[in-house]
Each structure stands twice: as C-alpha cells, then as structure tokens.
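What's counted below: heavy atoms across the whole structure, side chains too, no hydrogens, waters or symmetry copies. Since we're looking at a predicted model, the values are computed, not measured. Just so you know, residue 1 is the first one in the sequence shown, and it goes up from there.
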Amino acid sequence: MRSFLMIILAGTFSTAAMGGAQAQSADTRIASMPFSECLSIISEAAQEMDEQPVKLVNTSDVVTARIQASDGFVTVSCDRSASKITLTKSPVPEAAGMTAAR
C-alpha cells in the first residue's frame, strides 16, 4: 500500500494544496475539490489497482468507496455540497488474522 496509496495521497493533495488541503491524521487527508474530480480519482485509483471499488455510500451528494490494495485499503469520500474529498488509508488488521487477498 505504501507506494500506490502514498502516491495517491501525495499527488492528490499536492494538486489540491492551493485549494486548502489539510492533514487530519497520518492516514487521513481532506481537501477542497470539485465533486466530478473526486469521482474521477475513485475511477482512476480503481483502474490503477485493477480492483473494483466497493461503494459504501452512493447518493447524489455523497459517494464513498473503498479500494483494496495489496496490504490494506484506501477509502475515498466525495462530498458534493462541501466540494470536499477525504482519503483514508487503512492497513489490514494483522491481529485479526486477516490479509488483503489479491
């Protein structure tokens, strides 16, 4: 997950830095972004990872999708009314005996 997800996190927020990106934690980033661009990021990340995103929320104003990586997940949330993207990377909990199957 380090390589691809960090590229997504860094690249997305380097581009959005002028729009007010802010770090919420080491694994979560929030930035101002048009809704359509945010949706494009979900599509591009899924294509790059060759994984179908799992839509956790899918309304006309909010889309939240989780994409599996080799060692965890990235969750992308797009909020139309706030013009905001939230990216969160999550490792697979080893204590639970789980692995991110590929």
Side-chain angles (χ1 to χ4, degrees):
M1 179 167 41
R2 169 88 176 135
S3 59
F4 178 71
L5 296 184
M6 291 310 291
I7 289 169
I8 289 176
L9 290 171
T12 299
F13 293 102
S14 294
T15 303
M18 293 177 279
Q22 47 188 204
Q24 298 299 317
S25 73
D27 295 327
T28 300
R29 300 286 186 265
I30 300 171
S32 296
M33 179 175 289
F35 191 69
S36 61
E37 287 182 32
C38 184
L39 296 178
S40 293
I41 287 175
I42 293 173
S43 296
E44 290 169 16
Q47 286 176 350
E48 183 70 28
M49 295 302 297
D50 196 26
E51 292 286 339
Q52 282 294 333
V54 175
K55 298 260 177 114
L56 304 173
V57 178
N58 191 12
T59 69
S60 60
D61 291 322
V62 176
V63 173
T64 301
R66 184 180 67 209
I67 303 167
Q68 185 172 324
S70 61
D71 59 350
F73 305 94
V74 64
T75 304
V76 182
S77 184
C78 305
D79 185 330
R80 181 188 307 269
S81 62
S83 294
K84 178 177 76 170
I85 182 173
T86 304
L87 286 166
T88 304
K89 63 177 184 147
S90 307
V92 174
E94 291 180 31
M98 297 171 62
T99 61
R102 297 290 283 153

> How far apart are the C-alpha atoms of Val74 and Met49, what are their side-chain angles, what is the distance that settles it, and do they pass the side-chain contact (heavy atoms from CB on, under 4.5 Å) test?
Replying inline: CA-CA 11 Å; Val74 64; Met49 295 302 297; over 6 Å; no
>> One pair to check against side-chain contact (heavy atoms from CB on, under 4.5 Å): Asp27 and Ser90. What are the steps and the verdict?
In response: CA-CA 7 Å; Asp27 295 327; Ser90 307; over 6 Å; no
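Atoms CD and CD, from Gln47 and Gln52 in turn, are 9.5 Å apart once rounded to the nearest 0.5 Å. Here the straight-line distance linking atom CD1 of Ile85 with atom CZ of Phe35 works out to 11.0 Å at 0.5 Å rounding. Atom OG1 of Thr86 sits about 12.0 Å away from atom CZ of Arg29, to the nearest 0.5 Å. The structure places OG1 of Thr75 at 12.5 Å from NZ of Lys89, a figure rounded to the nearest 0.5 Å. Rounding to the nearest 0.5 Å places CG of Leu39 at 7.5 Å from CZ of Arg80. Here the straight-line distance linking atom NZ of Lys84 with atom SG of Cys38 works out to 10.5 Å at 0.5 Å rounding.
Among all heavy-atom pairs drawn from Glu51 and Gln68, the shortest one is CG-O, 3.4 Å. Here the closest non-hydrogen pair linking Val63 and Thr59 is CG2-O, 3.9 Å. Minimum heavy-atom separation, Ile42 to Cys78: CD1-SG, 3.7 Å.
In this structure, the side chain of Arg66 does not engage the main chain of Phe73 through any donor-acceptor pair within 3.5 Å.
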